[in-house]
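These notes concern the structure reproduced below.
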Amino acid sequence: MVDNAESNTGPQASPPALLEAPGFLVRRLYQAYVSAWVRGVDSSLTGPQFAVLTAVGARPGRDQRSMASAVSLDTSTMTDIVRRMEKRGLISRQTPVTDARRKLLYLTPEGESMLEHANRLARQLDERLLRPYGALERDELITTLTQLADHWETVPQEF
């Protein structure tokens with residue numbers, strides 16, 4: 001005979017210690033978000049790529065290093081993402097005459113089109129994700145998530 005508790009799947013089957021662990025809950029949220037993103041926004045554009053497109057679209061001509069900081073990516077990850085997006089024709093990198101080490105980022109027309117399309121779908125996804133919450137609750141949720149991110153980014157420096 002199979003113990004019913006052991007045959008259950010999903011979050012209900014998770015040990016209570018995990019259900020009280022913020023990291024586990026954040027990972028669950030992230031996995032659910034990625035799944036919704038792939039289905040509802042774009043399966044070929046990752047969240048970090050979307051963030052880079054958004055940042056470059058908002059501030060074209062800024063250097064790759066400052067853009068990495070703006071989207072919370074380390075420089076090696078940013079370099080990899082930008083190279084892939086450049087190969088796809090979404091971003092162009094230009095080297096200024098005054099400093100050959102810097103790479104300035106610009107959206108291509110295809111990148112602008114991709115950003116516009118993905119942004120519209122991402123806002124629709126945001127609306128679906130936050131549907132159960134009123135305006136005040138949404139503001140509080142965004143504030144709490146921002147506070148968590150700000151604090152959690154400092155924690156590794158404590159070790």
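Just the heavy atoms: all of them, side chains too, but no hydrogens, waters or symmetry mates, feed the values below. Given the structure is predicted, the values throughout are model-derived calculations rather than measurements.
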Listed by chain and number, what are the side chain to side chain donor-acceptor pair (under 3.5 Å) partners of [X], not counting sequence neighbours?
| X | result |
| --- | --- |
| Glu127 | Arg138 |
| Glu140 | none |
| Ser35 | Arg39 |
| Gln31 | Arg27 |

Check for me, please, whether [X] and [Y] land in the same ILVMFWY cluster - side-chain distances under 4.5 Å, paths through other members count.
| X | Y | result |
| --- | --- | --- |
| Val26 | Leu148 | yes |
| Leu129 | Val34 | no |
| Leu121 | Tyr33 | yes |
| Trp152 | Phe24 | no |

message: Quick one, Leu104 and Pro96 - any side-chain contact, counting heavy atoms below 4.5 Å?
response: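 Side chain of Leu104 against side chain of Pro96, heavy atoms only: contact under 4.5 Å found.
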
Flag side-chain contact, heavy atom, 4.5 Å: Leu73 against Val52: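 Answer yes - side chains close enough.
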
Using atom types as modelled, flag every donor-acceptor pair under 3.5 Å from a side chain in residues 108-116 to any protein atom, sequence neighbours excluded.
from: Thr108; atom 1: OG1; to: Gly89; atom 2: O; distance (Å): 2.4
from: Thr108; atom 1: OG1; to: Leu90; atom 2: O; distance (Å): 3.3
from: Thr108; atom 1: OG1; to: Glu110; atom 2: N; distance (Å): 3.4
from: Thr108; atom 1: OG1; to: Gly111; atom 2: N; distance (Å): 3.0

If every non-hydrogen atom of [X] is compared with every non-hydrogen atom of [Y], which pair is closest and at what distance?
| X | Y | result |
| --- | --- | --- |
| Pro48 | Ile81 | CB-CD1, 3.6 Å |
| Thr154 | His151 | OG1-O, 2.6 Å |
| Ala51 | Val71 | O-CG1, 3.4 Å |
| Val56 | Met67 | CA-CE, 3.6 Å |

task: Show your working on side-chain contact (heavy atoms from CB on, under 4.5 Å) between Ser44 and Arg88 and close with a plain yes or no.
output: CA-CA 11 Å; Ser44 69; Arg88 287 179 62 188; 3.3 Å; yes

- request: For Gln49 and Thr46, indicate whether the former's side chain and the latter's backbone hold a donor-acceptor pair under 3.5 Å.
  value: yes

query: What pairs meet the salt bridge (charged side-chain N to carboxylate O under 4.0 Å, His left out) rule with one or both residues in residues 145-159, with sequence neighbours excluded?
result: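 Counting only pairs at least two positions apart or across chains, no salt bridge (charged side-chain N to carboxylate O under 4.0 Å, His left out) contact touches residues 145-159.
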
query: Could you give all pairs that pass the salt bridge (charged side-chain N to carboxylate O under 4.0 Å, His left out) test and reach residues 51-80, with sequence neighbours left out?
result: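 Counting only pairs at least two positions apart or across chains, the salt bridge (charged side-chain N to carboxylate O under 4.0 Å, His left out) contacts touching residues 51-80 are Asp63-Arg102, Asp80-Arg84.
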
- prompt: Taking everything shown except Arg120 itself, do over 12 heavy atoms lie less than 6.0 Å from its CZ?
  reply: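 Above 12, so yes.
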
task: Nearest 0.5 Å please: distance from the CG atom of Leu18 over to the CG atom of Leu25.
output: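 Going from CG on Leu18 over to CG on Leu25, the span is 8.5 Å.
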
Return the set of residues passing side chain to side chain contact (heavy atoms under 4.5 Å, CB included) with [X] (not counting sequence neighbours), or none when no residue passes.
| X | answer |
| --- | --- |
| Thr95 | Ala100, Lys103 |
| Ile142 | Thr146 |
| Ala68 | Met78 |
| Gln94 | Ser92, Tyr106 |

- line: So ring pair (Phe, Tyr, Trp, His ring centres under 6.0 Å) across residues 46-80, not counting sequence neighbours, yields Trp37-Phe50

